[in-house]
Amino acid sequence: MRVRADRTMGSYKAQIPHLLSSPNPNAKTLKTPLLNPGTPSTRRSLLFSLSSSCGFALFHGKLLQSSFMDALASSFDPVSQAEKDASSVVSRRVSEAVELLERGKELQAQGDFPKALQFFTSVVENYKEFAFSDYARVGRALALYEVGDREEAIAEMEDVSISLKGYPEVHAALAAALYADKHAPLLAENQFAIATLLDPHFTDLSYVIETKHWPPSLELAAAKKAASLSARLCQKVQKALLQSDVQSKNDKSPVTVADYGSQALVSFVLQQEIPADFSLVAEEDSKDLRKDGGQETVERITKLVNDSITSDGSYNVTLSTEDVLKAIDSGRSEGGSQGRHWVLDPIDGTKGFLRGDQYAIALALLDGGKVVLGVLACPNLPLTSIGATGQHSPNNEVGCLFFAEVGGGTYMQPLDGSSAVKVQVTAVENPEEASFFESYEAAHSMHDLSSLIAQKLGVKAPPVRIDSQAKYGALSRGDGAIYLRFPHKGYREKIWDHAAGCIVVTEAGGVVTDAAGKPLDFSRGKYLDLDTGIIVTNQKLMPLLFSAVRESIKEKAASL
Ligand SMILES: Nc1ncnc2c1ncn2[C@@H]1O[C@H](COP(=O)(O)OS(=O)(=O)O)[C@@H](OP(=O)(O)O)[C@H]1O
Ligand SMILES: [Mg+2]
């Protein structure tokens, strides 16, 4: 198990890969007959394997036209009509099953494991006669693992590893599951040895991560679950927002029971799903809640969190008020350049939340100071483009979940759990056609400086002002081309206000830098420590934007 010793077996909890990416060319040839043993292998399977679109055939060394072949076939056809009909039924069923299998693979690659599970299960249950239904069992086993049905997943993997000999991914997945869930390192070692024997690529860690997307999927599934549940909690609170929900922090910014509830819930879900080496850097702590008079609020938060846990149904626990306070306080980590740390803004854009506008639950994972995964739940963001004005038609459905893993692209999924789609930043190259986002609150970003930059670039559209990292999400799917953020002097940017948004945009093909052109550095603890601002756009526009920013900053400084 040398390969994973430094990452998966140490600080990493071993995880299960998206195993159903293309079969490995170096792996041994797999069981090839299309029909499962036991299925009558008659001329029907032979007929099935012949391509009906084949236009030419070799006859006595010469190519014969298909029309001649057809005539020849119709006069000497030894195959009865009944056999032909049976063959076309098989052919149709194979296409159906392959389509379902492909869809399952796609959904699995997108991290939509519950849906992937449905597709794989349908192939396993309804197409047993085909040998390739065994491959659907592999997908099913992995999806089961990802949705948390781990006992059954491992039983299925063990079964498939015997019936589907020569498939290295199954052995590798089983190794990870045996290690992480059964705490059986020796058995895990054996399974991993089989995987590497079948496919030596498995000894190469970068191949395992980049080609087999192993191991990050488990973290992504956990992060999506945590953010989606918190989004639901926040939506509930926003609907019934009462003045008494609003408290005051030392900095006078409003904090709601939803902020605390969201932080407690994310912290709880992550610790349940990925307990090993848990570290969380998050915005809130329980200091104010523990003060005199805080008890009633803590009880309301605890009820909210317990209601969310119950409605999800995966965890059979009820948290006490002390559990909730502890969950909130587990976000006190300082982050840094070593190890892995979750980074959370439980409600980014609190002011937007209180106004009934945009806000986001922003969750990211740092590994060695770099963002490797990000999830942005934006409960009020329309599913379709918010366009140049920030407006959308009132009938538009809202609630978006953006997610990205390093090297894996960015996806957007409705918060109701329907299928995800891959998103890309806009390809606009002409700044005149670009629109730009900035903070809603003038106190958070210098609107006059953005306006000067836009003028220099020739941007025609007015600024789109929305709260929170919903700006990064909207930009990642091409709603606008530029995001400008210039806090007033003295403000220190926090990592939780940018980590998730940053990877969501960069994985969608965008660029995020400070106004000096340097990438954001998430390795220094809670603060980003930049004094210049943050600029975001696509690769093509960045050079133009960068010079407009430099010139505008100089001009503004000179005019003071
Ligand atoms: N003075 C100042 N300058 C710059 N930024 C500040 C400032 N004060 C707060 N914040 C942070 O801004 C977060 C809100 O994000 P946005 O600025 O994008 O949203 S908004 O349009 O201002 O609502 C907001 O996030 P939340 O506190 O989570 O709401 C803050 O982290
Ligand atoms: Mg914030």
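Atoms within a ligand are numbered from 1 in the order they appear, just like the ligands themselves. For the numbers below, each heavy atom of this structure counts, side chains included, while hydrogens, waters and symmetry mates do not. Positions are given from 1, in the same order as the sequence printed here.
A donor-acceptor pair shorter than 3.5 Å can be found between the side chains of Ser314 and Lys225. Between the side chains of Ser445 and Ser439, no donor-acceptor pair of N or O atoms lies under 3.5 Å. For the residue pair Thr310/Asp307, the side-chain donor-acceptor check at 3.5 Å is not satisfied. Checked by atom type, the side-chain pair Ser267/Ser330 shows a donor-acceptor distance below 3.5 Å. In this structure, a donor-acceptor pair under 3.5 Å is present between the side chains of Tyr315 and Glu273.
Taking the charged nitrogens against the carboxylate oxygens, Asp288 and Lys291 do have a contact shorter than 4.0 Å, which makes a salt bridge. Remark: Glu283 does not engage Lys526 in a salt bridge, criterion side-chain N to carboxylate O under 4.0 Å. A salt bridge does not link Lys494 to Asp497: none of the charged side-chain nitrogens sits closer than 4.0 Å to a carboxylate oxygen.
Taking backbone and side-chain atoms together, Asp345 has an N/O/S atom less than 2.8 Å away from the Mg ion (ligand 2).
Of the heavy atoms in Lys471, only side-chain atoms (C-beta onward) come closer than 4.0 Å to ligand 1. Residue contacts with ligand 1 for Glu283 involve side-chain atoms from C-beta outward but no N, CA, C or O (heavy atoms, distance under 4.0 Å). Contact annotation for Lys494 and ligand 1: no heavy atom of the residue comes within less than 4.0 Å of the ligand. For Ser445, no heavy-atom contact with ligand 1 is shorter than 4.0 Å. In Thr350, the parts holding a heavy atom less than 4.0 Å from any atom of ligand 1 are both the side chain and the backbone. Both the backbone and the side chain of His444 come within 4.0 Å of ligand 1, counting heavy atoms alone. Within the 4.0 Å heavy-atom criterion, the part of Asp345 lying near ligand 1 is the side chain and not the backbone.
For ligand 1, the polar-atom distance check finds an N/O of Ile347 within less than 3.5 Å of one of the ligand's N/O atoms. Geometrically, ligand 1 and Asp348 share a nitrogen or oxygen pair separated by less than 3.5 Å.
Heavy-atom separations between Asp259 and ligand 1 are all 4.0 Å or longer. Proximity of Arg485 to ligand 1 is established by a heavy-atom distance of less than 4.0 Å.
Between Phe402 and Tyr472, the distance separating the two ring centers is not shorter than 6.0 angstrom.
When all heavy atoms of Ser450 and Glu438 are compared, the closest pair comes out as OG-OE1, 2.9 Å.
Ligand 1 places these atoms under 4.0 Å from at least one heavy atom of Gly349: 25 (O), 26 (P), 28 (O), 29 (O). Listed by number with element, the atoms of ligand 1 under 4.0 Å from a non-hydrogen atom of Tyr440 are 20 (S), 21 (O). Here is the list of ligand 1 atoms found below 4.0 Å of a heavy atom in Ile466: 21 (O). Of all atoms in ligand 1, numbered sequentially from 1 with element shown, those under 4.0 Å from a heavy atom of Ala443 are 1 (N), 2 (C), 3 (N).
Which of Pro346, Ala362, Ser439 comes nearest to atom 17 (O) of ligand 1 through a heavy atom is settled by distance: it is Ser439.
For the Mg ion (ligand 2), the nearest N, O or S atom contributed by Asp497 is named OD1. Residue-level check: among N/O/S atoms of Asp348, OD1 sits closest to the Mg ion (ligand 2).
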